[in-house]
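Report on the following structure.
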Amino acid sequence: MANPIRQKEIDERVGKFADKFWGAFQMTENGRVKSTILLYSFCLCWVLLALYGGCFALLNPWLDSLLQGLPVGLVTTVEALVPAAVGTAAASLVWLLPGDKRLLPAAYIWLALLVLACLITLIIMMGLESLGLILQFFGMFTLAPLALGLGSSLLAYYFYWKKRPLPKIRQGLGKGSENL
């Protein structure tokens, strides 16, 4: 038997978190979005999805004919990694755009959340008896792009973050300002 007082506390916490999360997508009084990084990264994740889909659709038939006769494991690995690498290289061009550099890693996080939601939905719809086929499909078409894209974008953001100029308030403080 569940404790109704404890359940009420949990429900309130979940409700506050949900209100705070969805509140970031709402408009302010002057008609602007409260969190542009959430909105822009969500839109960019759909662009990344189309980019990777195009890379797989264009490169895999060519790779399949090129790798005919080789072991299936090698063909599957190459057909997963080459389009993912090309798509990641094309997606990395976002770094050349001015603006918030958190946009690309945030878009990959959105993409990972969408992939996870699709995976769960597909497992529910197709049942556990086809789990092996579902995981094979998702492993080939989603793990390589997510691993390469998220890993490279987080690494690039880390190096950008380490080289970023110090805020003006920290520049004028002198010795000992490293701890701020």
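One-based numbering along the sequence shown. Everything quoted here is computed from the prediction, not taken from an experiment.
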Next item on the list: Decide yes or no for Leu104 and Trp95: does some side-chain heavy atom of the first lie under 4.5 Å from some side-chain heavy atom of the second?
Entry: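 When only atoms from C-beta onward are counted, Trp95 and Leu104 do touch, with a gap below 4.5 Å.
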Notebook entry, point to check: Quick one: does Leu58's side chain get under 4.5 Å of Trp62's, heavy atoms only?
Noted result: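 Leu58 vs Trp62: side chains apart.
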Can you sort out the partners of [X] under side-chain contact (heavy atoms from CB on, under 4.5 Å), two or more places apart, ordered by chain and number?
{"X": "Phe141", "answer": "Phe56, Asn60, Phe137"}
{"X": "Leu81", "answer": "Thr77, Ala144"}
{"X": "Leu146", "answer": "Leu111, Ala112, Val115"}

Next item on the list: Output all residues satisfying side chain to side chain donor-acceptor pair (under 3.5 Å) with Thr142, sequence neighbours left out; order by chain, then residue number.
Entry: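 Thr142 satisfies side chain to side chain donor-acceptor pair (under 3.5 Å) with no other residue.
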Next item on the list: Mind checking salt bridge (charged side-chain N to carboxylate O under 4.0 Å, His left out) for Asp64 and listing every partner two or more places apart, or none if nothing turns up?
Entry: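 None.
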Would you tabulate the side-chain donor-acceptor contacts of residues 37-49 under 3.5 Å, counting partners in other chains and residues two or more places apart, or write 'none'?
residue, atom, partner, partner atom, Å
Ser41, OG, Ile37, O, 2.6
Ser41, OG, Leu38, O, 3.2
Ser41, OG, Trp110, NE1, 3.0

Next item on the list: Could you identify which residues cluster with Leu143, counting Ile, Leu, Val, Met, Phe, Trp and Tyr as linked when any side-chain heavy atoms lie under 4.5 Å apart, either directly or through a chain of such contacts?
Entry: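 Leu143 shares its hydrophobic cluster with no other residue.
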Would you tabulate the side-chain donor-acceptor contacts of residues 121-136 under 3.5 Å, counting partners in other chains and residues two or more places apart, or write 'none'?
residue, atom, partner, partner atom, Å
Thr121, OG1, Ala117, O, 2.8
Ser130, OG, Met126, O, 3.4
Ser130, OG, Gly127, O, 3.3

Item checked: Pairs satisfying salt bridge (charged side-chain N to carboxylate O under 4.0 Å, His left out), at least one member in residues 101-127, at least two apart ->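 Listed once each, the pairs are Asp100-Arg102.
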Checklist line | From CD (Glu79) to CG (Leu67), nearest 0.5 Å | finding: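 One finds 6.5 Å between CD of Glu79 and CG of Leu67.
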Check: Considering residues at least two apart in sequence or located in another chain, which fulfil the ring-ring contact (aromatic ring centres under 6.0 Å, His included) criterion with Tyr158?
Finding: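 Expected list: none.
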Would you be so kind as to tabulate the donor-acceptor pairs closer than 3.5 Å made by side chains of residues 86-94, with sequence neighbours excluded?
residue, atom, partner, partner atom, Å
Thr88, OG1, Tyr52, OH, 2.7
Thr88, OG1, Ala84, O, 2.7
Ser92, OG, Thr88, O, 2.8

Notebook entry, point to check: So which heavy atom on Tyr108 is nearest to which on Ser153, and how close?
Noted result: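 Of all heavy-atom pairs spanning Tyr108 and Ser153, the closest is CD1-OG, 3.6 Å.
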Check: How far apart are the closest heavy atoms of Ser152 and Gly149, and which atoms are they?
Finding: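 Taking Ser152 first and Gly149 second, the nearest heavy atoms are OG-O, 3.2 Å.
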Notebook entry, point to check: Is Leu63 reachable from Leu148 through a run of I, L, V, M, F, W or Y residues, each pair having side-chain heavy atoms under 4.5 Å apart?
Noted result: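 Hydrophobic grouping puts Leu148 apart from Leu63.
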